[in-house]
Protein chains: 2
Amino acid sequence: MAAVVNANGSDAGKTDGEQTMLMPPPPTNPMVTPLLTDLYQFTMAYAYWKAGKHQDRAVFDLYFRKNPFGGEYTVFGGLEECIRFLANFKFEENEIAFLRSVMPTCEDGFFQYLQAIDCAKVEVYAIPEGSVVFPKVPLMRIEGPVAVVQLLETPFVNLVNYASLVTTNAARHRFVAGKSRTLLEFGLRRAQGPDGGISASRYCYMGGFDATSNVAAGRLFGIPLRGTHSHAFVSSYMGLDEIVDKALLSHDGLNMCEDFISLVRSWLIKLQRANSLHSTFGETNQSELAAFTSYALAFPNSFLALVDTYDVMKSGLPNFCAVALALSDLGYKAIGIRLDSGDLAYLSIEVRKFFCAIEKEFGVPNFGKMNITASNDLNEETIDALNKQGHEIDNFGIGTYLVTCYAQAALGCVFKLVEINNQPRIKLSEDVTKVSIPCKKRCYRLYGREGYPLVDIMTGNNEPPPKVGERILCRHPFIESKRAYVVPQHVEELLKCYSPGDSDKPRAELPSLREIRERCMHHLEQMRPDHMRILNPTPYKVSVSAKLYDFIHFLWLNEAPVGELQ
Amino acid sequence: MAAVVNANGSDAGKTDGEQTMLMPPPPTNPMVTPLLTDLYQFTMAYAYWKAGKHQDRAVFDLYFRKNPFGGEYTVFGGLEECIRFLANFKFEENEIAFLRSVMPTCEDGFFQYLQAIDCAKVEVYAIPEGSVVFPKVPLMRIEGPVAVVQLLETPFVNLVNYASLVTTNAARHRFVAGKSRTLLEFGLRRAQGPDGGISASRYCYMGGFDATSNVAAGRLFGIPLRGTHSHAFVSSYMGLDEIVDKALLSHDGLNMCEDFISLVRSWLIKLQRANSLHSTFGETNQSELAAFTSYALAFPNSFLALVDTYDVMKSGLPNFCAVALALSDLGYKAIGIRLDSGDLAYLSIEVRKFFCAIEKEFGVPNFGKMNITASNDLNEETIDALNKQGHEIDNFGIGTYLVTCYAQAALGCVFKLVEINNQPRIKLSEDVTKVSIPCKKRCYRLYGREGYPLVDIMTGNNEPPPKVGERILCRHPFIESKRAYVVPQHVEELLKCYSPGDSDKPRAELPSLREIRERCMHHLEQMRPDHMRILNPTPYKVSVSAKLYDFIHFLWLNEAPVGELQ
């Protein structure tokens with residue numbers, strides 16, 4: 001593919017140091033300030049402050065209730081952005097001035113308090129980013145002064161929601177496309193705003209995509225970049241006479257072809273006349289031929305052409321092949337073609353046949369193996385349908401459906417109070433899926449003999465951890481009859497400390513995007529296949545310890561509306 | 001509603017100068033740079049440059065093909081962001097260095113060219129932001145050197161796509177809710193990333209919302225802010241003994257109530273005993289009562305409580321009323337309640353009855369008229385269903401479905417070449433909806449006798465404009481049989497010049513967000529009602545002049561795949 005490069009530059013000779021120089025750290029988005037929150041976080045903070053409750057030590061869980069896209073798994077994204085937000089949390093004076101204007105009846109002392117706060121006393125525990133995660137299990141547990149932690153609710157949920165959703169969407173596309181295909185994220189123009197586009201590129205790469213078209217994201221995160229040309233490029237040429245400089249040096253640098261256009265033309269005639277190709281094309285479109293020739297003169301090492309501007313079989317494909325064969329004469333190897341409309345399964349098969357016939361007819365090695373990219377409104381379903389029909393597509397370029405998460409545009413993360421001043425709190429609801437799991441908790445993933453994760457279990461913070469080889473009762477948090485004994489072969493504690501507050505706990509490191517991507521790929525491969533399948537996947541089990549189960553139900557009875565008992 | 005304020009501060013005495021000081025201009029998002037584009041824009045630019053075609057004068061149209069949300073209208077948003085992008089368009093040296101590393105085979109002269117370019121030669125014509133717009137008619141026409149204008153494609157489409165989509169979504173919510181309801185945008189936590197949230201607030205306000213919960217957006221754009229408290233606030237209180245300072249000065253400042261809690265308690269007992277209320281509640285939840293009391297002590301002037309943490313009718317509502325009546329004793333007027341779960345139609349009606357019964361029983365004027373806000377997963381459909389059932393909701397708080405555009409997460413704007421070097425270009429497709437309308441065009445809206453817009457018409461750039469009172473043939477661009485004569489009572493030219501390039505055309509002004517919002521409201525009101533209705537709306541007609549029609553079909557024949565003619 002043309003300009004197929006790693007964002008750090010494709011030169012193998014480059015040192016790591018040079019690469020780092022080219023890739024700056026993600027810039028601080030000036031919109032991501034402590035004001036990026038809901039007004040009610042400030043009105044609540046004031047009410048806490050007035051009541052002298054603002055320093056009360058609170059524990060909140062950030063979690064989601066249901067896996068997206070009709071699936072049974074989710075990939076956790078957005079943690080690094082939350083931790084960076086926390087580290088930079090500080091009000092500017094002009095922000096305080098704005099808040100004063102918004103809340104004119106509030107006492108001065110409150111604004112002095114706001115001006116002074118930071119997140120030094122906030123502890124954050126989280127599942128590592130890129131992990132496969134499940135409903136109800138906290139992705140993050142945030143502890144600290146209630147007024148401060150409340151101010152984090154909105155930005156944290158905002159930063160995790162879309163990141164996790166689009167990472168999961170990318171992972172689902174990777175799953176359905178299979179490991180051998182190349183997945184390209186082409187969503188910037190359809191993303192929800194500029195940093196929607198940048199986040200999409202970052203998290204699609206995390207979820208298993210290979211490259212993006214988004215140059216800014218390539219630069220920020222070191223994601224490989226891809227791109228060739230558009231339909232407009234093709235129709236911007238009127239004909240071959242527009243090309244002034246027709247010379248092309250051969251790949252080995254030894255021969256100068258003075259008239260590359262004539263070489264292309266001669267190949268086009270050979271293609272028309274070759275009986276073995278069963279060619280049905282007459283005169284191909286000359287705008288298109290000029291555009292392809294011009295593009296090949298600019299990128300002879302990486303010629304890839306979009307062949308559907310006029311008609312794939314009657315114009316785009318023969319034009320492409322004529323240019324590719326002319327390049328081949330000069331020792332260059334073309335990359336392949338892109339299809340952006342029509343019946344992609346059928347066209348890709350016809351294109352492959354044509355490539356193979358040329359390889360045979362003209363004895364051009366590997367011409368049949370050239371790359372076919374498809375890119376027209378693809379999504380998980382259409383890729384699945386293409387696979388079922390059979391196709392010859394090597395690369396999928398995916399935009400709108402991927403980055404907007406069209407199939408389900410929101411994950412619905414929540415941020416719930418589970419403890420305050422060491423008192424467990426529960427949020428009840430008539431809808432049992434909305435009842436929160438109270439208490440500061442520890443969370444474990446239990447693995448079975450075959451290496452698959454079997455179940456996640458939440459326990460009270462002070463319960464002894466589950467042990468390898470021991471029989472552990474895992475209970476559904478709300479349904480009494482659902483329970484199972486598990487003997488784990490491996491136990492993994494899920495929540496790591498990413499912000500120790502004023503404790504002396506060691507701080508878990510924030511890995512690079514590439515490392516997070518590897519974690520994600522590894523986690524996805526580790527899952528039992530029936531949890532992953534598209535149709536009717538088996539739900540992965542999420543449980544609580546026997547002790548936590550009893551405590552939840554004790555609280556539930558005590559907190560339920562008292563009026564009911566009359 | 002608590003803390004109901006304009007973002008500029010609610011103090012009527014403030015001068016405009018002070019307001020301006022508090023509201024900074026929108027910051028430049030460091031992610032919105034010329035690198036925020038697809039890689040292929042750079043590879044094409046290089047191919048143009050190599051071919052000496054980069055300065056060719058090109059004309060592109062930015063338009064969409066289909067109205068979103070099953071409707072027959074769209075509101076145009078995002079123009080100001082495009083114009084700001086254009087004005088700041090300039091490559092930094094480190095950006096050029098990055099591009100060199102991405103395209104290592106490109107010649108040095110190309111990067112020198114990139115380093116030097118800006119948009120001084122780019123002309124932009126656009127329909128004013130906030131206008132009601134229709135498929136196929138260019139929202140923007142961009143003219144300039146082909147290589148530069150191509151670089152603008154991705155950011156412009158990105159900036160217009162989501163802005164127009166979410167403005168339209170907001171306008172649709174306003175239409176179904178009716179003028180008399182207050183619409184609050186509560187979407188920040190579910191938006192697609194931080195500036196997804198900020199854009200959502202900006203464009204929902206443009207589309208007719210009254211306020212947002214998003215403090216950062218309130219500050220940036222002067223949008224009124226709203227917010228009170230969450231369920232976590234309620235469950236963070238254990239009981240009334242947590243409230244240390246129980247004193248509250250009366251509204252007139254003349255009397256100090258030393259024990260507001262006792263006053264609240266006495267009202268709760270009165271409520272329980274009042275036969276006329278048909279009270280069915282026993283002991284209400286004490287956490288909730290404490291939280292409400294604490295909130296009222298902090299915001300006695302704007303007390304609004306979320307009443308569904310435990311049970312609306314048995315706990316939340318009586319607790320709220322006890323606090324509101326105690327406030328009333330001290331001369332304060334509570335705002336009302338918020339419902340965030342359950343059957344909103346039923347609950348709002350029951351709450352209203354209870355309020356009215358209290359007004360009657362205790363002679364508290366206007367108690368029955370208190371505000372009822374609803375906010376649980378609302379969208380266009382649920383509001384329509386609530387209206388059909390009947391309800392007593394005054395304010396709707398809308399989040400997820402609004403800001404993610406859940407019903408349709410992308411608009412699908414395109415950016416098509418229509419002319420290069422004064423040669424018209426057409427993009428053909430087997431799908432007729434994807435055929436572009438060639439030529440540099442002028443666009444007009446023709447109004448009928450009743451003041452409604454009748455039809456939009458596109459003409460060639462040099463055709464004389466349609467005149468009031470003259471009979472004009474309006475043709476469907478592609479379907480021969482669809483045509484009509486129109487005699488307009490008023491003719492409006494749609495495209496204004498926002499960037500004159502090196503021409504001396506006057507530059508149209510960028511109005512304030514509030515002015516754009518007014519344009520939008522005015523345009524929506526002006527539309528014939530059958531275009532606006534939710535079920536089976538009538539499509540608004542978009543046409544071309546007879547001359548342009550003929551020319552399109554002449555080009556079509558000439559550009560169609562030549563192979564077909566064999």
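Naming: A, B, ... by sequence-line order, numbering from 1 per chain. No experiment lies behind these values; they were computed from the predicted model shown.
When heavy atoms are compared at a cutoff of 4.5 Å, B/Gln408 approaches chain A by way of both its backbone and its side chain. Residue contact with chain A, scored on non-hydrogen atoms closer than 4.5 Å, is absent for B/Phe415. Looking at B/Val414, only its side chain comes within 4.5 Å of chain A, counting heavy atoms on both sides. For A/Thr33, no part lies under 4.5 angstrom from a heavy atom of chain B. Using a 4.5 Å cut-off between heavy atoms, A/Ile198 contacts chain B through its side chain alone, with no backbone atom that close. Contacts of B/Phe110 with chain A are absent, with no heavy-atom separation under 4.5 Å from either backbone or side chain. Of the two parts of A/Ser230, the backbone and the side chain both hold a non-hydrogen atom closer than 4.5 Å to a non-hydrogen atom of chain B. Only the side chain of B/Ser287 comes within less than 4.5 Å of a heavy atom of chain A; its backbone N, CA, C and O stay farther away. For A/Tyr401, no part lies near chain B; criterion is any non-hydrogen pair under 4.5 Å. Neither the backbone nor the side chain of B/Val166 comes within less than 4.5 Å of any heavy atom of chain A. Proximity to chain A (any heavy atom under 4.5 Å) is shown, for B/Leu35, by both the backbone and the side chain. Using a 4.5 Å cut-off between heavy atoms, A/Gln192 touches chain B through backbone and side chain atoms alike. For a residue to count as touching a neighbouring chain, one of its non-hydrogen atoms must lie under 4.5 Å from one of that chain's; by this rule B/Asp195 touches chain A with backbone and side chain alike. For A/Val312, no part lies near chain B; criterion is any non-hydrogen pair under 4.5 Å. A/Cys106 touches chain B through its side chain: at least one heavy atom from C-beta onward sits under 4.5 Å away, while N, CA, C and O do not.
Considering only residues two or more places apart in sequence or on other chains, B/Glu81 meets the side chain to side chain contact (heavy atoms under 4.5 Å, CB included) condition with B/Leu159, B/Arg202, B/Tyr203. A/Lys427 meets the side-chain hydrogen bond (donor to acceptor under 3.5 Å, both in side chains) test with no other residue; sequence neighbours excluded.
With contacts defined as side-chain heavy-atom distances shorter than 4.5 Å, the pair A/Glu242/B/Asp56 qualifies.
Residue with the most contacts toward chain B among A/Thr37, A/Thr105, A/Asn214: A/Thr37 (heavy-atom pairs, distance under 4.5 Å). Contact count against chain A (heavy-atom pairs under 4.5 Å) is highest for B/Ser235 among B/Ser235, B/Ala51, B/Ala410, B/Ala163. When each of A/Ile420, A/Thr400, A/Thr309, A/Leu411 is scored by its heavy-atom pairs under 4.5 Å with chain B, the top score falls to A/Ile420. Of the listed residues (A/Gly193, A/Ala58, A/Gly78), the one with the most heavy-atom contacts under 4.5 Å to chain B is A/Gly193. Considering only heavy-atom pairs separated by less than 4.5 Å from chain A, the leading option among B/Gln423, B/Met313, B/Met238, B/Lys53 is B/Lys53. In terms of heavy-atom pairs under 4.5 Å with chain A, the best-connected choice from B/Ser236, B/Gly412, B/Gly52, B/Ser199 is B/Ser236. The candidate with the highest count of non-hydrogen atom pairs below 4.5 Å against chain B, out of A/Gln41, A/Arg100, A/Glu153, is A/Glu153. Among the candidates A/His229, A/Lys50, A/Arg425, the residue making the largest number of heavy-atom pairs closer than 4.5 Å to chain B is A/Arg425.
The only member of A/Leu36, A/Asp38, A/Leu99 that meets side-chain contact (heavy atoms from CB on, under 4.5 Å) when paired with B/Val215 is A/Leu99.
Of all non-hydrogen atoms in A/Thr228 and B/Met44, the two that sit nearest each other are O-CG, 3.8 Å. For B/Gln150 against A/Ala232, the heavy-atom pair with the smallest separation is OE1-CB, 3.3 Å. Contact record, A/Ala409 with B/Ala409: CB-CB, 4.3 Å, taken as the closest heavy-atom pair. Taking all atoms of both residues into account, the shortest heavy-atom contact from B/Val102 to A/Leu225 is CG2-CD1, 3.9 Å. The two residues A/Ala298 and B/Ala47 make their nearest non-hydrogen contact at CB-CA, 3.7 Å. Taking each heavy atom of B/Asn158 and A/Pro194 in turn, the nearest pair found is OD1-N, 3.1 Å.
The backbone N or O of A/Arg189 lies less than 3.5 Å from a partner atom in the side chain of B/Asn161, making a donor-acceptor pair. With hydrogens and angles ignored, the 3.5 Å screen pairs no side-chain donor or acceptor of B/Glu95 with any backbone N or O of A/Ala216. Side chain of B/Lys434 to main chain of A/Ser341: no donor-acceptor pair is present (N/O by atom type, distance under 3.5 Å, no hydrogens or angles).
A/Phe233 and B/Tyr48 have tilted rings, their planes meeting at an angle from 30° to 60° on a 0 to 90° scale.
Taken from OG1 in B/Thr154 to CZ in A/Phe186, the straight-line distance is 11.5 Å, to the nearest 0.5 Å. A distance of 6.5 Å separates NE2 of A/His231 from NZ of B/Lys416, quoted to the nearest 0.5 Å.
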Q. Can A/Leu165 and B/Arg190 be said to form a side chain to side chain contact (heavy atoms under 4.5 Å, CB included), step by step?
A. CA-CA 11 Å; A/Leu165 186 70; B/Arg190 302 291 171 85; over 6 Å; no
(Q) Quick one, B/Tyr295 with A/Thr43, criterion side chain to side chain contact (heavy atoms under 4.5 Å, CB included). Give me CA distance, side-chain angles, the key distance, then yes/no. (A) CA-CA 9 Å; B/Tyr295 198 81; A/Thr43 53; 3.2 Å; yes
